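These notes concern the structure reproduced below.
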Amino acid sequence: MAEPEPPLSCDCFVSLPPGSQDDHVIFGKNSDRPRDEVQEVLYYPATSHPSGTMLECTYIQIPQAEHTHAVVLSRPSWLWGAEMGANDKGVCIGNEAVWTREAIDPGEALLGMDLVRLGLERADSAWGAVSVITGLLEQHGQGGPCREDPAPFSYHNSFLLVDRNEAWVLETAGKLWVAQKVTEGVKNISNALTIGTDISAEHPELRSVAQAQGWWSGEGEFCFNEVFKSENPPARMELAKKRYSGGTQLLQQHDGSVTAKVMMSILRDKPSGICMDSGGFRTTGSMVSILPRDPSLPCIHFLTATPDPSRSVFKPFIFSESVTPVSRVISPQYGPDDPVRKQPRFQSQVDRRHDLYKAHEGALQTMETNPDAGNAITETLRMLEGQCLTDIAALLTEVLPVRSALMWRSLVLADRQEMALGLLHPVLLLDWLPPVSRIQTP
């Protein structure tokens, strides 16, 4: 008998004290997408916008906010939104595809990935992002092709929204939604509805719609994931339940000791399917964030910008007053000739690979054709990643001298030898030099 196909889905994780080893909130996400899709990492500064400005999202225009926060995003390079990201207010968001009883609108609207970016740009807390996203759902709805392909593929979305103090799980069905507040311990979501009767907030018409549709009698407890579960879920969603269970077990194994390093190891876990490469899908980008409860300490965000975290390096980013984007992780732009902009959409393909993606391809080829060299590459890169994590830990415990902190960028960038081999080097995604005022001398 053939082995069942592994679960295909994204996975989001959060650990809040006492689940974390330190007084930090730890966020993580693996983005599982079509295997040849390229994710780029982009920084956008905080910006004020003239009144009446319209914003071009992936498919539709909406009114722009008067002010948008600075954001760092990991996104499929063909669209406007993001699979995951963070803002300069200490908010992180990741999304998941879900299917429910509510019909998917075949028209073009806001993608769930658009809503991720909009929540980050417009909110200064996790709850604020819930309010932003649900308000935009009410005004504009969700829908449209979710991959760069003429074959239709759309879904509804769930979200994990995290800040320095709490997390929220937001699950949607069309314009309807429920949210659950998480204030301690560990939590993960995948491609299945997880909110049952423990509902912290909800759409005002959620229950009346369910009753009118005959999905709920109106009597007894209202259990969202039972009332709204899809009657004919895709196989991918059913298999994702195994993945969700595996993620829960991994978090529980580390409950009370979760760090950024632990979260990276969870995202790299292949037996559970969390780090996956099967059936035309794979993990195309990964992110881990450290959000200290102490507001005087900076939030640290790590992104791979390359596929398969088990063979990639997490590279750090810290918001500061001076950020210079790095072109190596930005994909080529095609303007009005982009297949996503032409009608009908997606009738042709373009090369969206950025320089780091190409270098990563070369490294993978070396690993496959020369295992000994591949192992040496992996060991070297993990060593450098480990040094980076050690320095970050020192920074966050205020034992790293100012001079050492300012030289840290040189440490991370020091060894360029691997670049000649086309390796994924742990260079900073963005040209960061931490503000001296935020680093304490011992």
Side-chain angles (χ1 to χ4, degrees), residues 1-15 19-21 26-37 39 74 83-84 94-98 158 160 185-194 233-289 302-304 306-314 360 363-364 367-368 371-372 374-379 381-383 385-386 389 424:
M1 178 181 294
E3 290 293 320
E5 185 175 335
L8 308 180
S9 64
C10 298
D11 296 276
C12 289
F13 302 86
V14 66
S15 174
S20 306
Q21 177 174 291
I26 309 293
F27 169 84
K29 180 182 176 182
N30 267 359
S31 171
D32 297 342
R33 301 280 302 168
R35 64 170 295 105
D36 293 328
E37 185 177 81
Q39 284 206 25
S74 182
E83 274 281 294
M84 52 206 168
N95 77 310
E96 308 281 339
V98 293
S158 66
L160 183 61
V186 295
K187 175 70 177 179
N188 64 304
I189 63 172
S190 190
N191 292 90
L193 301 178
T194 63
R236 180 177 295 111
M237 186 174 177
E238 287 301 301
L239 290 167
K241 292 179 181 178
K242 300 177 184 178
R243 208 178 154 109
Y244 169 73
S245 176
T248 299
Q249 292 175 18
L250 287 168
L251 278 177
Q252 291 175 347
Q253 288 173 17
H254 296 284
D255 194 0
S257 60
V258 176
T259 61
K261 184 177 181 179
V262 167
M263 189 65 76
M264 291 173 188
S265 72
I266 291 174
L267 298 186
R268 285 168 167 151
D269 190 81
K270 286 187 176 291
S272 65
I274 290 168
C275 179
M276 60 84 61
D277 187 349
S278 177
F281 281 68
R282 68 172 169 179
T283 301
T284 57
S286 303
M287 174 178 171
V288 170
S289 293
F302 299 85
L303 303 102
T304 59
T306 51
D308 189 349
S310 72
R311 298 195 287 183
S312 291
V313 171
F314 285 88
H360 185 261
L364 294 185
M367 292 177 183
E368 304 241 345
D372 290 339
N375 290 335
I377 290 169
T378 302
E379 290 177 7
L381 296 181
R382 291 294 170 81
M383 179 192 69
E385 183 183 86
L389 286 169
L424 173 57

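Side chains are part of it too, since the values below use all heavy atoms of this structure and drop only hydrogens, waters and symmetry mates. The model shown is predicted, which means the values in this text are computed figures rather than measured ones.
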[X] vs [Y] side-chain heavy atoms within contact, under 4.5 Å:
X    : Y    : result
V258 : F13  : no
S289 : F302 : no
T304 : H360 : no
E385 : L381 : no
S74  : E83  : no

Return the set of residues passing side-chain contact (heavy atoms from CB on, under 4.5 Å) with [X] (not counting sequence neighbours), or none when no residue passes.
X    : result
S20  : S15, P17, I26
S310 : R268, K270, C275, D308
K187 : V14, V169, Q180, V182, I189, T194, Y244

Over all atoms of both residues, closest heavy-atom pair of [X] and [Y]:
X    : Y    : result
R382 : P309 : NH2-O, 3.8 Å
P34  : T284 : O-CG2, 3.7 Å
V262 : S257 : CG2-O, 3.7 Å
A192 : V98  : N-CG1, 4.1 Å

[atom1]/[X] to [atom2]/[Y] distance, rounded to the nearest 0.5 angstrom?
X    : Y    : atom1 : atom2 : result
D11  : M276 : CG    : CE    : 9.5 Å
L267 : S272 : CG    : OG    : 9.5 Å
S265 : H254 : OG    : NE2   : 5.0 Å
C12  : F27  : SG    : CZ    : 5.0 Å
T283 : K29  : OG1   : NZ    : 10.5 Å
M287 : M264 : CE    : CE    : 11.0 Å

Side chains of T259 and Q21, donor plus acceptor under 3.5 Å: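 T259 vs Q21: no donor-acceptor pair found between side chains.
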
field: salt bridge (Lys or Arg N to Asp or Glu O under 4.0 Å) against R35, all qualifying residues, sequence neighbours excluded
entry: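 Counting only residues at least two positions away or on another chain, R35 forms a salt bridge (Lys or Arg N to Asp or Glu O under 4.0 Å) with D277.
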
- prompt: Partners of E368 by salt bridge (Lys or Arg N to Asp or Glu O under 4.0 Å), sequence neighbours excluded?
  reply: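 Per chain and number, E368 pairs via salt bridge (Lys or Arg N to Asp or Glu O under 4.0 Å) with R311.
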
Please answer whether the main-chain N or O of [Y] pairs with a side-chain N or O of [X] as donor and acceptor at a distance below 3.5 Å.
X    : Y    : result
N30  : I274 : yes
S312 : P307 : yes
S245 : K242 : no

query: Can you list every pair that meets salt bridge (Lys or Arg N to Asp or Glu O under 4.0 Å) and has a residue in residues 247-262, with sequence neighbours left out?
result: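 Residue pairs passing salt bridge (Lys or Arg N to Asp or Glu O under 4.0 Å), neighbours aside: none found.
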
